[in-house]
Protein chains: 2
Amino acid sequence: MDVMKDRPFAPMLERLRNAGLRPTRQRLALARLLFEGGNRHVTAEQLHAEARREEIAVSLATIYNTLNQFRKAGLLREVVVDSGRSWFDTNLEDHHHFFHEATGALTDFEAEGLAVEGVPRAPRGTEIDRVEVIVRLRDAG
Amino acid sequence: MDVMKDRPFAPMLERLRNAGLRPTRQRLALARLLFEGGNRHVTAEQLHAEARREEIAVSLATIYNTLNQFRKAGLLREVVVDSGRSWFDTNLEDHHHFFHEATGALTDFEAEGLAVEGVPRAPRGTEIDRVEVIVRLRDAG
DNA sequence: AATCAGATTAGAACAAATCTAAACTATTGA
DNA sequence: TCAATAGTTTAGATTTGTTCTAATCTGATT
């Protein structure tokens with residue numbers, strides 16, 4: 001038997017507490033949408049729509065608050081591919097992204113197998129935080 | 001003598017015409033701000049502020065129109081590092097970016113010397129348009 | 001010079017995200 | 001168990017970046 005299936009609240013509750021976040025009804029519900037059922041990418045508006053569909057009462061303000069708190073807590077990562085909209089990614093492993101401009105489709109690919117070599121030294125007073133690779137796609141022609 | 005200094009209008013006028021854009025007063029003035037004096041990164045608001053400073057009468061709407069037309073014409077590239085604001089880059093060579101989150105500073109580095117290997121095959125129906133590398137910086141500590 | 005497609009503009013409209021301050025709730029400790 | 005309190009949620013206002021609209025203007029072509 002899968003522990004996640006029997007006690008779906010317990011681990012999530014822990015994760016929130018460990019992050020210093022009170023496990024409120026809203027946060028638990030959103031955490032379940034986000035983290036149960038595999039890696040995913042969402043925007044705030046998408047998650048809000050999804051919550052409404054599932055009849056979870058949560059305001060858009062809380063969606064924004066929660067996504068930002070989860071990001072700060074390291075439960076989510078932000079992906080910048082799209083000026084004008086923030087994407088959040090539940091995949092915390094070392095990976096990169098395909099982005100299909102025409103459709104807005106965002107897909108992961110593992111960093112394993114990818115080598116980025118010859119990145120120059122960081123400018124004075126700074127250090128490298130992360131090297132992001134975005135592979136922009138167009139329709140095959 | 002430098003041709004650019006003697007006849008600063010002629011080449012710009014040509015470039016605009018070649019792009020199918022009428023060389024209007026506004027477009028010429030903005031092209032000069034953008035393309036004379038080395039590579040640079042600008043946002044729409046920045047360019048607008050700069051134009052006002054130089055007492056070039058041009059509306060914000062025209063700044064947006066012009067930046068987008070220049071981008072479509074291949075005179076500029078858009079850089080997405082910052083959800084919520086569009087950056088435009090006059091550097092058309094093969095290069096990548098440092099982005100310092102804390103300050104918003106955006107800097108180029110040449111692609112020469114950089115090797116990105118092992119990028120997976122593009123998903124079905126798509127092909128790779130561009131591989132973008134963004135090196136995110138934090139304050140050294 | 002007259003015409004007309006294309007360009008510019010102010011201001012309205014729109015979209016994403018944040019802010020505000022009032023109401024609510026989880027935790028605590030008596 | 002319950003009151004106090006610190007943290008959370010919320011509706012709605014606000015801010016910011018960008019696009020749209022439709023009236024006016026301008027460059028190119030006759």
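Here is how names work: the chains are called A, B, and so on, in the same order as the sequence lines, proteins then strands, and each is numbered from 1. Heavy atoms only: backbone and side chains are in, while hydrogens, waters and symmetry mates are out. Predicted, not measured: the structure shown is a model, and the values here were computed from it.
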Any heavy-atom pair between the side chains of [Y] and [X] that's under 4.5 Å?
X: A:Leu21; Y: A:Arg17; value: no
X: B:Phe98; Y: B:Leu106; value: no
X: B:Glu127; Y: B:Arg121; value: no

Looking at [N], I'd like to know if its phosphate oxygens (OP1 or OP2) sit under 4.0 Å from a side-chain N or O belonging to [X].
X: A:Gln69; N: D:dG7; answer: no
X: A:Arg25; N: D:dT8; answer: no
X: A:Thr62; N: D:dT10; answer: yes
X: B:Tyr64; N: D:dT19; answer: no
X: A:Ser83; N: D:dG17; answer: no
X: A:Arg27; N: D:dT9; answer: yes

Using whole Å, what does the distance between atom [atom2] of nucleotide [N] and atom [atom1] of [X] come to?
X: A:Gln46; N: C:dA15; atom1: CD; atom2: P; answer: 16 Å
X: A:Leu47; N: C:dA17; atom1: CG; atom2: C1'; answer: 15 Å
X: B:Leu60; N: D:dT21; atom1: CG; atom2: C1'; answer: 16 Å
X: A:Ile56; N: D:dT9; atom1: CD1; atom2: P; answer: 13 Å
X: A:Leu21; N: C:dA26; atom1: CG; atom2: C1'; answer: 13 Å
X: A:Ile63; N: C:dA16; atom1: CD1; atom2: P; answer: 14 Å
X: B:Trp87; N: D:dT18; atom1: CH2; atom2: P; answer: 11 Å
X: B:Arg22; N: C:dA7; atom1: CZ; atom2: C1'; answer: 7 Å

Look at all strands and tell whether [X] reaches a base, only sugar-phosphate, or nothing, counting heavy atoms closer than 4.0 Å.
X: B:Asn68; value: sugar-phosphate
X: B:Thr24; value: sugar-phosphate
X: B:Ser86; value: sugar-phosphate
X: A:Arg85; value: sugar-phosphate

Fill in: Cation-pi, B:Phe88 ring and B:Arg71 (6.0 angstrom, 45 degrees)
no

Worksheet entry | Residue whose closest nucleotide on DNA chain D lies nearer the 5' end, B:Pro23 versus B:Thr43 | B:Thr43

Of all the choices, [options], which nucleotide is nearest to the side chain of [X] once you look at every atom?
X: B:Ala61; options: D:dT10, C:dA10, D:dA6; result: C:dA10
X: B:Glu45; options: D:dG17, D:dA28, D:dA11; result: D:dG17
X: B:Asn65; options: C:dT8, D:dT18, D:dG27; result: C:dT8

Fill in: Any donor-acceptor pair under 3.5 Å from A:Thr66 side chain to A:Thr62 backbone
yes

Response to the item:
Between the CZ atom in B:Arg27 and the CG atom in B:Leu75, the distance rounded to the nearest 0.5 Å is 10.5 Å

